[in-house]
Amino acid sequence: MKHFTSVHDIGNLDEALQEAFKLKENVFRYDTLGKNKTLLAIFFDSSLRTRLSTQKAALNLGMNVIVLDVNQGAWKLETGHGVIMDGDKPEHILEAIPVMGSYCDIVGVRSFARFENKQDDYGEKILNQFIKYSGKPVFSMEAATRHPLQSFADLITVEEYKKKERPKIVLTWAPHPRSLPQAVPNSFAEWINAKGYELVITHPEGYELDGQFTGNAKIEYDQDRAFEGADFVYAKNWSAYTGPNYGRVLSRDRAWTVDARKMALTDNAYFMHCLPVRRNMIVTDEVIESRQSIVIPEAANRVISAQVVLKRLLTDNY
Ligand code: CP
């Protein structure tokens, strides 16, 4: 694996899952693999889980870690080509990236969709510039269109909790006060489809996701009907993807909040969310605090997904 930006980079998914479970038995099994190798984790956007779990994964492999918050203490970066740089951004990303690459052996990048230009977002402009100009293996810590470390951890969690060979998984839109990217639902759908599980996506009309990610998933506009017989409910907000509404909030309808009545329609489903979650917008206190909520083990598995990816990047590139 040269870079890691999506499920397409992971190779055989079942082998990757087996590797994850083996690693989970003893996270220190490869604690010298990363000796004298440095991870540079670059954040253009805020993070709790990704920041901590990726550092922990690197430390488990014996790596050194540098974390850069681009918006706190670094020079503001210009990303446009041909721009006359007479504004508030003193450094161009095309110099900054190779400089950052020269200080490390592996680069992790978090850069959300900006909603200024759909082509730039869906072309993964920032992430691809790191791949092109850093000279180092690059992995996504959530980019504009995908969050593969999260989705890999989600799938590990589904494997650990599933009670049938091919569970029914419902990805449900839920309300949020702000405009959020489509990266998590895109990526979740892509990984669940790659595993071949039954996937039903439910959302209000207007929130259709890009078909390249949803594939053959069933789209159900009636949330109650979608929940019937579900084994897992994965809640997430996202903003509109299609047409001129790209990046817009079309609804804050709390009738879509996941609550106990809706969970009772399922087959005793587990509740999942990538976190951070807005309680009583996305999900009620009652559901997230219930025995069926597995959001904490799901977040804990972020260390495992990051460690498998870092292990492979170290093994395949050094
Ligand atoms: N789920 C997730 O990526 O969390 P953070 O934004 O806190 O990293």
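None of the values given here were measured: they were computed from a predicted structure. Whatever order the structure lists them in is the order used to number ligands and atoms, beginning at 1. In this chain, numbering begins with 1 at the start of the sequence shown.
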Please confirm whether the ring centroid of His3 lies under 6.0 Å from the ring centroid of Phe139.
no
Checking a contact table here: which protein heavy atom is nearest atom 4 (O) of ligand 1, and how many Å away?
Arg49 NE, 2.9 Å
Ligand 1 to Cys274, heavy atom cutoff 4.0 Å, flagged ligand atoms 1 (N)
Does an N or O anywhere in Pro276 fall below 3.5 Å from an N or O of ligand 1?
no
At a non-hydrogen distance cut-off of under 4.0 Å, which region of Arg302 contacts ligand 1 (side chain, backbone, both, or neither)?
side chain
Is Lys37 close enough and on-axis enough to Tyr318, meaning under 6.0 Å and within 45°, for cation-pi?
yes
Short list, please: which atoms of ligand 1 are under 4.0 Å from a heavy atom of His147?
2 (C), 3 (O)
Val184, portion touching ligand 1 at heavy-atom distance under 4.0 Å:
neither
Say whether Arg110, considering both its backbone and side-chain N or O atoms, lies within less than 3.5 Å of an N or O atom on ligand 1.
yes
Donor-acceptor contact below 3.5 Å, side chain Thr202 vs main chain Thr172
no
If only atom types and distance count, is the side chain of Ser239 paired as donor or acceptor with the main-chain N or O of Leu180 below 3.5 Å?
yes
For Leu48, the ligand 1 atoms with a heavy-atom partner under 4.0 Å come out as 5 (P), 7 (O), 8 (O)
Between Phe227 and Lys262, is there a cation-pi geometry (under 6.0 Å to ring centre, at most 45° from the normal)?
no
With distance as the sole test, does Ser179 use its side chain to make a donor-acceptor pair with the main-chain N or O of Gly247 at under 3.5 Å?
yes
